Structure formats: C-alpha cells, structure tokens
Student: 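This is the structure I want to talk about, given as structure tokens.
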Amino acid sequence: MEDSLAAAVRAALAGLPDLPDGFDPAAVDVEFQTPNDPSHGDLATNVALQLARPLRRSPRAIAEALAAGIETDPARVAAVEVAGPGFLNIRFADAHLAAGLADVLAQGDRYGRTDGHADETAIVEYVSANPTGPLTVGHGRNAVLGDTIANLLEWIGYDVTREYYFNDAGRQMRMLGQSVRARYQEALDPDTPTKTLEDGLVVPESFPEDGYRGDYIADIARGLADQHGDALLAEADEARFTDAGKTAILAEIEDTLARLGVHHNTQFNERTLYQGDPAPVWDAVDRLRQRGLIEDQDGAIWFKTSELGKTVTTKEEGEQGQDVVLVKSSGEPTYRLPDIAYHLDKLARGFDLVLDVFGADHIATYPDVVRGVRALAGDAADRIEVVVYQFVTLVRAGEPVKMSTRKATYVTMDDLMDEVNAVLVEKAREAAEGAEPETTADAGPDVVRFFFLMRAAGTHLEFDLDLATQASDKNPVFYLQYAHARIASIERKADEAGVGGEPDLDLLTHESEQALTKLLLQFPDEVAQAAEARAPHRLATWLREVATAFNAFYRDCRIVGEADDLAAARLALARAARTVLGNGLAILGLSAPDRM
RNA sequence: GCCCACGUAGCUCAGGGGAUAGAGCAAACGUUUCCUAAACGUUAGGUCGCAGGUUCGAUUCCUGCCGUGGGCACCA
C-alpha cells in the first residue's frame, strides 16, 4: 500500500510544472507515517515540507499541487487531503479495509510474515552461558531476547540458525573441575581439612580461591562419590570432575531453557577451535601474522590493533595506539582468539547475517574481535551484528542483589519462575475460594518472558522480585492473553448460536470496527519494523494497542444476538483480531490461551 | 581519567526531525439484567536532565556539562 502510494506521489511530482533543473522526482524518498490523530487520516506524508527548499516553493503550495495531481485507486484510497503546514493526509476506502481483513483471515497463522529477506540466512547466537552454574536472571534476558529476535527474523523471511556457543575450554572449566574435586574429597571424608574464605564460607582446603561456591557443586560431587566411591581420588588432573560438572550443569540449563520456551538448533564447542590441523585458532594467528598484524613480546602473542585504528586516551600520554593480547605468555589464549576464530567459522558457513546477543560487559570487547575478523575476512565482517542488552538489576526487599555465579549470590531463572508462578497459583486459589483453581499451567515463563521483552534491550532493567510477584496479575502479558481468551470465548458462544456463513465485511462501518481493522492491517509492517530494529519490545508495545482496540470494539459492538449478517461480519473481525494477537504472542514466545 | 548505554508523568517505561509528547501502575470517581469486569470510562499528573548548535521546524540529530549503570587485566 505504502509503496504504491509513494509511486503515485512521485508520478504526481513529475507532473508538476516548472521543476528546477536536475531535480529527479523518481529519486524522492516518500515516507509515510500513521498520524496519532485519526482526523489526520490513515497515512500521512511530509514530502511537501521536505521539498519546499529544493523546489523553492511553499510547502502548502506543493502539497496542494500534489493532492490535485495524484492518481490513486478509488477502491483503496477514499481521499487525499492537504493539512497543516503542508502534510498530505490519505484516507483509506472502506473496500480497502474489507479486502485487508479478508486477507488476514485467509492467511491465518501465517499472517504477518513477509518475504523481504527470503533466500537469506541468519545465525543468532544467544545464551551461550558457560556451563559453570545454573541459568541466572541475567542469562534469562539474553535467552529471551535472542530467541525472540530469532523468531522475528524468521517472520521476515530469514532462514535462521539458533546457536549456543559453549566456552568449554579454558580457565573457568578448570576452576569448575577443581571446585568439584574439592567437594568430592569432602563428600568422601567429612574430616577433610577446611579453610575459611574471605566472605566466611568454610570450604575444603583444596578448594580454589575463586572456585564456584554454589550448593550444586557439592551435589555433583556427592553424585560422583555415590557412584565411584573413592576411585576418583587417584585421577591425575581435574578433567574427570570438569566433565561431570559440565554434563550435570548443561542438563540443568537445558531444562531451564526448555521451560522458558527457548531452543537452539546447534551447539558450537569452543574446544573444537583448538582441534584439527591446523586448528582454527592457530590458523587465525598464522594468517594475522602473514598480514603483519602479530607481534611477539614478553612471551605473549599480541594483535596489533593499533595498526587497525584502535587507540586509547590517557591523561598523561594523550591518544595513542593500543594492541591487545591474543595468547598469554602462559600459552593460554585470551577470549579474543577463539572468538575471532569462531566468527570466521560462522562467516565461512555462509550466513548473510551473524547476530550475537550479549550483555553490556562485552560492549568494549567485540570491536577487537570484529577487527580480527575484518583483517582476515574483509567486508564479510559487516555481516556481524551485535545486540547489547543492559544487565538486569535484581531488587529484593528494596536491596539490590549483586549477582555472581562464582560466589553463589544469584537468583536463578527457575527460582524466579517458581516464585512468580507460586504467587499466581495462590491468587487463583483465593479467587476460587478454596477450591482448586481450573488452570494449573506454569505461568512463570510467560510472565518472565514478557517482563524481559517489554523494554528495549539497551535500557537497564530493574526486576523487583517483591513487586513482580505481588503485582504479577497486573502484568501486561495477561492483558494480551485475556483479550485472546475472550475472543475464543466469543467464538464458542457464536458457534453455539449458529452465527457464521460467508461474512460481508463491508458491513463493518462502526468507528470501533474500523479502528481495530486498521490496526490489524499494520501487523506485517510492525513485525518487519521490530525485526529490522532487532527490537522485540516494539511488538510487545504494539500488541497492547491491538488488545485495547479489541476491547473498545467488544464494548461497542455485540456479536451474539445481532442480525445474522452483521454478527457474521463482526465475528470475522474478532477472529482476525485473535489471529493477530495469537501470531504476535507466538513471535514473543508466549502462550495464547483459549480460556482464562 | 577514558569508552559505551541510559536520563520523558509520583513509579516502571514506550515514542521519536513535524500537527495537541503517550501507556501501564499508583491516586480520585464511575460502569456488570446483555458474547469473559484479568475489562471499560472520566479526572488529575510533564520545563522530554541542563546549556549551546544544526534546521522552515528539535523532546528526537550534534557538542559540552551533570546524573545513573556498565566496561576499561597477559579474566571471559
């Protein structure tokens, strides 16, 4: 619709007399917006205001000439009006709305999909939590964002691969193994000598200074003790313990993600980057070296990012170039090297879009990785894109909870979902006056998902546990779901009453009917915009408008009990609204209940 | 100190070069003989952090300052 209107505007422009030399009407970018004020029509363009200077004419005069010269399809456009300083306001014809509505119903659960990126592939990397502990609230925001962005990309045509990258090499994994091993010794022999850490925690003497302190470590160790007795004490290194820890923790993470409705197609193990001949990481180093971007110093391997424009500014020395370490003098790579190799791998797999979702703590690190990739893969590095989200601050009893997996001061996603769900079940029980409530579904995931999705990724998210659980029945997710359930209920009632048959959509002339219809027709555009911006919260915000518009329609227009033809038309509109709400909820990864 | 993000109603947040800046919660008052009241309506609430700049037009873009959070290791 907007494309054809833009073409019509350009055609009208071309027909204007006395155009200045060198002015190309075909090159004018005609943009439309939906006015906030319905009296300004259904679509508006400010093209006349923008052309005032190049055409050296008043915007109002341009707008009037365009309005007079534009040719539009009377079946779709009812009026083109000039307003204000020179806006061109376009009003849809009723037939356009009826045709659009029929299209919604025909497409059903595919309505909203567009093919702007058909034949393109994308890989979205998200969660990628190291298997050193349970999934925390911070990981949860990553998981939900990544999963939903992947959904959005699919809806605009991408063939999407959802990947989980495991940092299963390096120091953290060794630390995990040593932590498990220490707890294993303790499990076998309660008299194992202990020490007290800074924060007062009493641990076995062999427990590493910054080991992982959560109870789950002791649980895993106890499992090993039960299964193997003291046979593992003779193990030369901690590999066996690392493995046991990793396996157990991954299984737990998988369960939590499944509960959240988050899935991946592929896993990528960091370890594989060190395997093969040549191993991808060392191959990357060699190739960087060939380009003169490597310098060996103090036994470490440096990446000469200074030659690629990286600078650091200090008060004493001003601005100067800065290099970064790829491999420490210990022989152990920093995160940068495997990350470079990993992204090269993703590009080599041929993806058109390589999207990473990660927390604000990575904000300063990815440019180094991209520099490395660009040095070796050239402009293909442009396909790499990053969605950075700010951390979730958890507030409990008015106090911020500082989260650290290692120190075991964290709230897990499961805890959070359990807590939310428990409160909801309790409320449902009260509402049912002591009887068992009808619904027993786990509401935790929907509430938590929506909470994470309703805000822009880049904003700090304060999650007040007390408030979130206390006010959880006010959570806007229920507003959307309730509207969906309400429509489903109406459809059941209408069915019983025998409402149906081929609807005559031209009967939908009520203000509330038209307002709702216009909103529903925006859905594909809203999805596409949210997807292009990698911004799920836009869809979440917009869906609320749909629910509100439906509630207004519900208030003003009855279905069951009205004349047959009108009832059938309204039922069709209600069904279209349920289609949009249902599809929107599906993209956000939320359930769309038929009753509540 | 340097880098990044954010600063919009009492609170939590949308919006974004354009016409009168929005929503939810909280506050006050209403709506149920009728398809789900988890709903709907009305009222009240604003110097869009501050100061410059660009522009026909800035809350939106740019610069500086202030505030908040995060990052600035041969940690990831």
Side-chain angles (χ1 to χ4, degrees), chain A residues 33 35-37 39-40 44 46 49-50 52-53 58-59 83-87 89 128 130 132 167 170-172 175 210 270 297-302 311-316 319 322 324-336 338-339 358-365 367 388-391 393 400 427 431 451 454-462 464 467 471 473-483 485-494 496-497 499 537-538 540-542 544-545 547-548 550-552 554-562 567 570-571 574 595-596:
Chain A
Q33 57 178 108
N36 299 325
D37 183 343
S39 74
H40 294 144
N46 61 353
L49 290 109
Q50 287 176 334
R53 179 182 285 259
S58 85
F87 289 100
N89 292 341
S128 298
N130 288 347
T132 56
N167 287 126
R171 207 183 81 95
Q172 291 196 27
M175 202 60 67
D210 37 4
E270 181 187 1
Q297 195 184 316
D298 309 328
I301 299 176
W302 292 72
T311 60
V312 65
T313 307
T314 60
K315 205 165 191 177
E316 296 76 30
E319 186 176 1
Q322 189 185 47
V324 297
V325 172
L326 287 186
V327 183
K328 297 182 251 180
S329 55
S330 65
E332 198 165 17
T334 66
Y335 70 91
R336 293 186 187 91
D339 271 13
F358 47 53
D361 54 340
H362 284 66
I363 213 163
T365 70
V388 174
Y389 62 93
Q390 294 291 328
F391 280 133
T393 312
K427 291 197 172 174
F451 207 102
M454 61 190 286
R455 289 155 191 199
T459 63
H460 304 288
L461 178 58
E462 188 173 283
D464 188 325
L467 207 73
D473 60 346
K474 300 283 192 192
N475 189 304
V477 68
F478 296 119
Y479 185 77
L480 304 184
Q481 293 180 326
Y482 183 72
R486 188 181 236 179
I487 299 171
S489 168
I490 292 171
E491 288 181 89
R492 288 191 294 270
K493 282 282 191 332
E496 286 168 22
V499 175
H537 77 278
R538 291 202 189 178
T541 304
W542 182 81
R544 164 169 274 280
E545 284 183 46
T548 298
F550 173 76
N551 282 328
Y554 173 81
R555 179 192 66 219
D556 295 334
C557 304
R558 287 192 56 82
I559 294 174
V560 178
E562 293 289 339
R570 286 178 172 173
L571 180 62
R595 42 185 105 232
M596 286 175 77

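Computed from a prediction, not measured in an experiment: that's the story for all the values here. First the proteins, then the strands, lettered A, B, ... as listed; each starts at 1.
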Student: How far does the P atom of rA27(B) sit from the matching atom of rU59(B), given to the nearest Å?
Tutor: 33 Å
Student: If I pick the P atom on rU12(B) and the same atom on rU8(B), what distance separates them, to the nearest angstrom?
Tutor: 8 Å
Student: If you assign I487(A) and H40(A) each to the RNA chain B nucleotide with the nearest heavy atom, which residue ends up on the more 5' nucleotide?
Tutor: H40(A)
Student: In whole Å, what separates the P atom of rA37(B) from that of rA23(B)?
Tutor: 23 Å
Student: Answer yes or no: does a side-chain N or O of Y482(A) lie under 4.0 Å from OP1 or OP2 of rA38(B)?
Tutor: yes
Student: What is the pairing partner of rC61(B), taking Watson-Crick or G-U wobble pairs with both distances under 3.5 Å in any strand?
Tutor: rG53(B)
Student: Could you work out which one of rA5(B), rC35(B), rG15(B) sits closest to the side chain of S489(A)?
Tutor: rC35(B)
Student: Would you indicate which nucleotide in rC35(B), rU36(B), rA14(B) comes nearest to any side-chain atom of R595(A)?
Tutor: rU36(B)
Student: Hey, is H537(A) stacking on rA14(B)? Ring centres under 5.5 Å, planes under 30°.
Tutor: no
Student: Say whether, by atom type as modelled, one donor and one acceptor occur between the side chain of N475(A) and the main chain of V477(A) under 3.5 angstrom.
Tutor: yes
Student: Tell me the partner of rG67(B), counting only Watson-Crick (N1-N3 plus N6-O4 or O6-N4) or G-U wobble (N1-O2 and O6-N3) with both under 3.5 Å; none if nothing fits.
Tutor: rC6(B)
Student: Counting C-beta onward and ignoring hydrogens, is there a side-chain heavy-atom pair between F358(A) and V388(A) closer than 4.5 Å?
Tutor: yes
Student: Looking at N551(A), does any N or O in its side chain come under 4.0 Å of the phosphate oxygens OP1/OP2 on rC40(B)?
Tutor: yes
Student: Regarding D339(A), tell me which of base, sugar-phosphate or nothing describes its non-hydrogen contacts under 4.0 Å with the strands shown.
Tutor: nothing
Student: For rC34(B), give the paired nucleotide (Watson-Crick: N1-N3 plus N6-O4 or O6-N4; G-U: N1-O2 and O6-N3; both under 3.5 Å), or none.
Tutor: none
Student: For atom C1', what is the distance between rC62(B) and rC40(B), given to the nearest Å?
Tutor: 45 Å
Student: Does any non-hydrogen side-chain atom of Q390(A) lie less than 4.5 Å from one of T459(A)?
Tutor: no
Student: Contact class for K328(A) (heavy atom, under 4.0 Å): base, sugar-phosphate, or nothing?
Tutor: base
Student: Looking only at side-chain N and O atoms, does Y554(A) come under 4.0 Å of OP1 or OP2 in rA37(B)?
Tutor: yes
Student: Between rU36(B), rU12(B), rC74(B), which nucleotide has the shortest distance from any of its atoms to the side chain of K493(A)?
Tutor: rU36(B)
Student: Taking only side-chain N and O atoms of T541(A), does any of them lie within less than 4.0 angstrom of OP1 or OP2 on rA14(B)?
Tutor: no
Student: Does rU47(B) have a Watson-Crick or wobble partner in any strand here, with both distances under 3.5 angstrom, and which is it?
Tutor: none
Student: Answer with base, sugar-phosphate or nothing: what part of the nucleic acid does P333(A) contact at a heavy-atom distance below 4.0 Å?
Tutor: sugar-phosphate
Student: Quick one: is R558(A) getting a side-chain N or O under 4.0 Å of the rC34(B) phosphate, OP1 or OP2?
Tutor: no
Student: To the side chain of N46(A), which of rA76(B), rG18(B), rC13(B) is closest?
Tutor: rG18(B)
Student: Side chain of A360(A) only, please: which of rC74(B), rU36(B), rG70(B) is the nearest?
Tutor: rG70(B)
Student: Just by modelled atom types, is the R544(A) backbone N or O under 3.5 Å from a matching donor or acceptor in the T548(A) side chain?
Tutor: yes
Student: Please measure how far the P atom in rA5(B) lies from the corresponding atom in rG64(B), and state the result in whole Å.
Tutor: 12 Å
Student: Flag the pair M454(A) / T541(A) as yes when at least one side-chain heavy-atom distance between them is below 4.5 Å, and no otherwise.
Tutor: no
Student: Distance to the ring centre below 6.0 angstrom and angle to the axis at most 45 degrees; does that hold for R486(A) and Y554(A)?
Tutor: yes
Student: Could you check F451(A) against Y335(A) and say which one's nearest nucleotide on RNA chain B is further toward the 5' end?
Tutor: F451(A)
Student: Return yes if some donor-acceptor pair links the side-chain N/O of R595(A) with the main-chain N/O of S489(A) below 3.5 Å, else return no.
Tutor: no
Student: Partner lookup for rC29(B), please. Criteria are Watson-Crick or G-U wobble with both distances under 3.5 angstrom; report none if nothing qualifies.
Tutor: rG41(B)
Student: Work out how far the P atom of rC61(B) is from that of rC4(B), and round it to whole angstrom.
Tutor: 15 Å
Student: Check every strand shown and say whether A44(A) touches a base, only sugar-phosphate, or nothing at a heavy-atom separation below 4.0 Å.
Tutor: base
Student: Starting the side chain at C-beta, find the nucleotide from rA39(B), rG15(B), rA19(B) nearest to R538(A).
Tutor: rG15(B)
Student: Taking atom C1' of rC13(B) as reference, at what distance in whole Å does atom CG of N475(A) sit?
Tutor: 13 Å
Student: Regarding T334(A), tell me which of base, sugar-phosphate or nothing describes its non-hydrogen contacts under 4.0 Å with the strands shown.
Tutor: sugar-phosphate
Student: Which nucleotide, in any strand shown, forms a Watson-Crick or G-U wobble pair with rG24(B), with both distances under 3.5 Å?
Tutor: rC11(B)
Student: Remember a base hit wins even if backbone is also touched, and classify N89(A) as base, sugar-phosphate or nothing at under 4.0 Å, heavy atoms.
Tutor: base
Student: Base, sugar-phosphate or nothing for A52(A)? Non-hydrogen atoms, less than 4.0 Å.
Tutor: nothing
Student: Is the shortest side-chain N/O distance from Y479(A) to OP1 or OP2 of rC40(B) below 4.0 Å?
Tutor: yes
Student: Using the C1' atom as the point on both nucleotides, what is the distance between rU36(B) and rA28(B), in whole Å?
Tutor: 27 Å
Student: We want to know whether N167(A) and Y335(A) form a side-chain donor-acceptor pair, criterion being a heavy-atom distance below 3.5 angstrom.
Tutor: no
Student: Determine: side-chain N/O of S128(A) to OP1/OP2 of rA76(B), distance under 4.0 Å, yes or no.
Tutor: no
Student: Are rA19(B) and F87(A) stacked, with the base six-membered ring and the side-chain ring centres under 5.5 Å apart and planes under 30°?
Tutor: yes
Student: Applying the Watson-Crick and G-U wobble criteria at under 3.5 Å, what pairs with rC72(B)? Answer none if nothing qualifies.
Tutor: rG1(B)
Student: Any idea which of rA37(B), rG69(B), rA38(B) is nearest the M596(A) side chain?
Tutor: rA38(B)
Student: Does R555(A) make a side-chain N or O approach to OP1 or OP2 of rC35(B) shorter than 4.0 Å?
Tutor: no
Student: Roughly how far apart, to the nearest Å, are rG52(B) and rC13(B) at atom P?
Tutor: 30 Å
Student: Which one, rC74(B), rG18(B), rA37(B), comes nearest to the side chain of L49(A)?
Tutor: rG18(B)
Student: Could you please name the option among rG18(B), rC74(B), rA14(B) that lies closest to any side-chain atom of A300(A)?
Tutor: rC74(B)
